[in-house]
Amino acid sequence: MRKRAPTFNRSPIMSVRVRFAPSPTGYLHIGGVRTALYSWLWARKHGGEFVLRIEDTDAARSTQEAVDVILESMRWLGLDWDEGPEVGGPHAPYFQTEREALYAEWAEKLIASGHAYRCWATKEEIQAQREAYEQGRGGKKGFKFRSPWRDRTDGDPSQPHVVRFKAPREGKTGWTDLVYGDVAYPNKEQQDFVLIRENGLPLYNFGCFVDDLTMGITLVTRGDDHLVNTPMQLMLYDAVGAERPQFAHLPMVLDASGKKLSKRSPGVGVAVLDYRDGGYLPAGVLNYLARLGWSHGDEELFTLEELIAKFDWKGVGKTGSRWDKKKLAHVQGHHLRSQDDATLAKLVTPFLAERGVEVAADDARLVNAIAPVKLRATTLIDLAEGLDYLFRPDAEIAPENDKAAKHLKPATAPYLEKVLEVVRATEPFTAEALAGPIESWVEAEELKMGKVAQPVRVAITGRTRSPGLFETLELVGKEASIARLEQALERARAAE
RNA sequence: GGCCCCAUCGUCUAGCGGUUAGGACACCGGCCUCUCACGCCGGUAACAGGGGUUCGAGUCCCCUUGGGGUCACCA
């Protein structure tokens, strides 16, 4: 059953400082972005700071390219950071690999105060203890290394060693999570986890602790797969006598089958940039992401400003949520249609270029065509598809498939002829001016508008779907309409 | 397996002891209509199971079941 998470009641005097701390793995995970979004919204809502920190202590995976992908993803989404890479800040550097001295310093403090110790145990020793455990208990899981160095001080610091935390073995360590409420872990489950490894770099829990502490983070947000790490970090705050930050853990984003969303999830893009390249708008992705796991009554559609105003932690649910492409498409389509035409014209240009259509973003024909076409589009790619025929040379306009081609046949030639005649005679060339003559002719001949419209539509667009016929004729223009109708007429007469 | 977390329509969710269990996506009808959309109207569809507490449980407690996370010199 759901328990109501406590409300955020930190003193308003204390500023909000939140951070997003991805590790550079080659792409920015869309689920991670939801965490970033909630944090960002919280910071913006309270006029606090949003810090971007790169957790790159896993040297094997971290590359500059991977960092660039993170920054580009965040920029595209519009989640701007107040401190972090490129913008700097009072707590620089913001790359963990550049903060090595700081970790060493805090490790020394912990050793000096008796909360941590140097451990010279070798991998072989640990392995031997592990094997003994497995044989003794008959199980492989739950092994906890008990270092012989926990209470010794006679090692040689010049020899390779790690630094371990002297974890308490009795009692419990708990906190009040902004999403999950009261959570506690028994200390006996803890082992003397490593703070600093042999190569001098900190392990996740220690790096995270030192950075969050020294960067003055007031609220730590992350995926609920980190729930189990929280006690370790809490112990560290307690050990140095520092005030603990608040924590908010977010449920996972799952794929359609209910598994944690990953690059292997079928049919779903996990990388943020997949959505940029797929023609989605940040507003659509962010709105969908916000609602996935957070709710505000019955409301579904939000602008970014509304999200900032309405977001709160008590609206965040505790259950993992599945990624629903259809619903994303719905929300995205709404945001696409909400954009003004000039903006969309600018945004769609690259997608048109990708299709070989070069047109200026402020081209009047482009801007004028946006309104009717965006009603029929979900993404910028759809928009580009729907705009494409307007800018192609007349000679390139041809039925896009068999279904379209079937509308151009001898039987429909008379319709094309009639419309061609009207097109030639109409001036000014507007949808209103064209509608009258064509509609009255259709009526007089006792035809159905559909019978006439489809062949004409295919003639001037090559497609069976487009905005209203008269509107489309106007958009295509008089000259091009004539050329395309003549061309289609030939096709129709030549067809079987 | 230990520890921790979770559980309302297919999906995302509202619900904070008394509701015909609401909304959204999807789906199915219908309207609009020159196509396709958009939009509008209507419909199918859920409290995992079992015990308690209570005058009264989707709401509180316990158990079961199911799902997830985590057990590193990864993050």
Side-chain angles (χ1 to χ4, degrees), chain A residues 1-4 21-23 25 55-58 60-61 96 119 121 123 126 137-145 160-164 177 180 183-186 188-191 193-199 201-205 207-208 222-231 249 251-252 254 256 258-260 288 291-301 314-315 317-331 333-334 337 372-378 382 386 407 438-439 442 448-454 456-458 461 463-470 472:
Chain A
M1 297 299 103
R2 350 189 62 173
K3 280 191 198 108
R4 187 55 55 180
S23 49
T25 56
E55 306 212 330
D56 57 351
T57 55
D58 184 358
R61 286 196 287 180
Q96 288 192 323
C119 171
K123 296 247 170 77
I126 297 174
R137 321 287 162 102
K140 355 182 175 195
K141 307 288 181 60
F143 168 70
K144 280 175 272 298
F145 178 61
H161 63 277
V162 300
V163 177
R164 286 181 184 274
D177 197 273
Y180 286 99
V183 185
Y185 286 80
K188 65 171 163 35
E189 295 299 320
Q190 228 60 249
Q191 69 171 5
F193 54 93
V194 171
L195 266 25
I196 304 281
R197 30 188 170 192
E198 214 173 274
N199 68 6
L201 287 173
L203 223 45
Y204 172 72
N205 283 114
C208 185
R222 60 192 16 165
D224 73 4
D225 48 341
H226 284 288
L227 232 24
V228 75
N229 286 319
T230 307
H249 288 86
M252 306 266 84
L254 314 167
K259 300 220 174 76
K260 184 172 169 177
Y288 175 71
R291 259 304 272 107
L292 191 68
W294 169 81
S295 62
H296 190 81
D298 282 343
E299 297 171 62
E300 298 282 349
L301 274 3
K314 77 172 195 290
K318 302 175 190 174
T319 60
S321 7
R322 300 174 193 228
W323 189 260
D324 183 347
K325 285 192 292 186
K326 295 245 182 88
K327 183 149 185 180
L328 166 64
H330 174 81
V331 174
H334 165 82
R337 292 187 291 278
V373 175
K374 74 181 177 187
L375 239 44
R376 281 153 255 260
T378 296
D382 298 337
H407 289 286
I438 294 175
E439 277 172 346
V442 165
K448 282 282 184 17
M449 190 60 208
K451 295 281 259 182
V452 178
Q454 283 305 81
V456 175
R457 174 169 279 114
V458 171
T461 71
R463 304 155 50 101
T464 53
R465 313 185 312 280
S466 85
L469 187 67
F470 309 121
T472 305

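Nothing here was measured: the structure is a model prediction, and the numbers come from that model. All chains are named by letter (A, B, ...) in the order of the sequence lines, taking the proteins before the strands, and each is independently numbered beginning at 1.
Between the CD atom of Q454(A) and the P atom of C36(B) there is a distance of 7 Å, rounded to whole Å. Note: NZ (K318(A)) to C1' (C12(B)) measures 18 Å, nearest angstrom. To the nearest angstrom, P of C6(B) lies 13 Å from NE2 of H249(A). Rounded to an integer number of Å, the gap from K451(A) NZ to C34(B) C1' is 13 Å. As a whole-Å value, the separation of R322(A) CZ from A7(B) P is 14 Å. Atoms CD (Q190(A)) and P (G2(B)) sit 18 Å apart, rounded to a whole Å. Regarding H296(A), its NE2 atom lies at a distance of 17 Å from the C1' atom of C12(B), rounded to whole Å. The separation between K325(A) atom NZ and C12(B) atom C1' is 16 Å, rounded to whole Å.
Base pairing of U65(B) is made with A7(B), judged by Watson-Crick or G-U wobble geometry with both donor-acceptor distances under 3.5 Å. C60(B) and G52(B) make up a base pair, with Watson-Crick or G-U wobble contacts both under 3.5 Å. The nucleotide C36(B) finds no pairing partner, because no Watson-Crick or G-U wobble arrangement with both distances shorter than 3.5 Å includes it. Using the Watson-Crick or G-U wobble rule with both distances under 3.5 Å, C27(B) pairs with G43(B). Within the shown strands, nothing qualifies as a pairing partner of C16(B) under the Watson-Crick or G-U definition with both distances less than 3.5 Å.
Taking atom C1' on both nucleotides, G51(B) is separated from U65(B) by 14 Å, rounded to a whole Å. To the nearest whole angstrom, the two P atoms, one in A45(B) and one in G10(B), are 11 Å apart. Distance noted for atom C1' between G67(B) and C60(B): 23 Å (whole Å). G66(B) and A72(B) have their C1' atoms separated by 29 Å, with the value rounded to a whole Å. The C1' atoms of U53(B) and G22(B) are separated by 28 Å, rounded to the nearest whole Å. For C40(B) and A48(B), the P atoms lie 32 Å apart once the distance is rounded to whole Å.
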If a protein heavy atom is under 4.0 Å from the base, mark B; if only from the sugar-phosphate, S; if neither, -; do that for nucleotides 67-75 of chain B going 5' to 3'. --SSBSBBB
How would nucleotides 26-32 of chain B be written as a contact map, 5' to 3', with B for base contact, S for sugar-phosphate-only contact and - for no contact, using protein heavy atoms under 4.0 Å? S------
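When each of C5(B), A14(B), U35(B) is scored by its nearest atom to the side-chain atoms of S295(A), the top-ranked nucleotide is A14(B). Of the candidate nucleotides C5(B), U13(B), C6(B), U13(B) has the atom nearest to the side chain of R291(A).
Contacts of R322(A) classified as side chain to side chain contact (heavy atoms under 4.5 Å, CB included), with partners at least two apart in sequence or in another chain: L254(A).
L292(A) places a side-chain heavy atom less than 4.5 Å from the side chain of W323(A). Within the 4.5 Å cutoff, no side-chain heavy atoms of T230(A) are placed close to those of V183(A). No side-chain heavy atom of R376(A) sits less than 4.5 Å from a side-chain heavy atom of D382(A).
The heavy-atom pair separating E189(A) from K144(A) by the smallest distance is O-CD, 3.3 Å. In terms of heavy atoms, G223(A) sits closest to M252(A) at CA-CE, 4.0 Å.
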Step-by-step side chain to side chain contact (heavy atoms under 4.5 Å, CB included) determination, R337(A) to L375(A): CA-CA 6 Å; R337(A) 292 187 291 278; L375(A) 239 44; 4.1 Å; yes
Kindly indicate, with the supporting measurements, whether the criterion side chain to side chain contact (heavy atoms under 4.5 Å, CB included) is fulfilled by R222(A) and H249(A). CA-CA 5 Å; R222(A) 60 192 16 165; H249(A) 288 86; 3.0 Å; yes
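Looking at which nucleotide of RNA chain B each of G320(A) and D298(A) is closest to, the 5′-most match is held by G320(A).
Panel note: side chain E55(A), backbone Q96(A); no donor-acceptor pair is recorded below 3.5 Å. Y185(A) places no side-chain N or O within donor-acceptor distance of the main-chain N or O of N229(A), the cut-off being under 3.5 Å. Checking side-chain atoms of Q191(A) against main-chain N and O of F145(A) turns up a donor-acceptor pair under 3.5 Å.
Interface remark: the R463(A) side chain does not form any donor-acceptor pair with the C36(B) base, using a distance-only criterion of under 3.5 Å. No donor-acceptor contact under 3.5 Å links the side chain of R376(A) to the base of C38(B).
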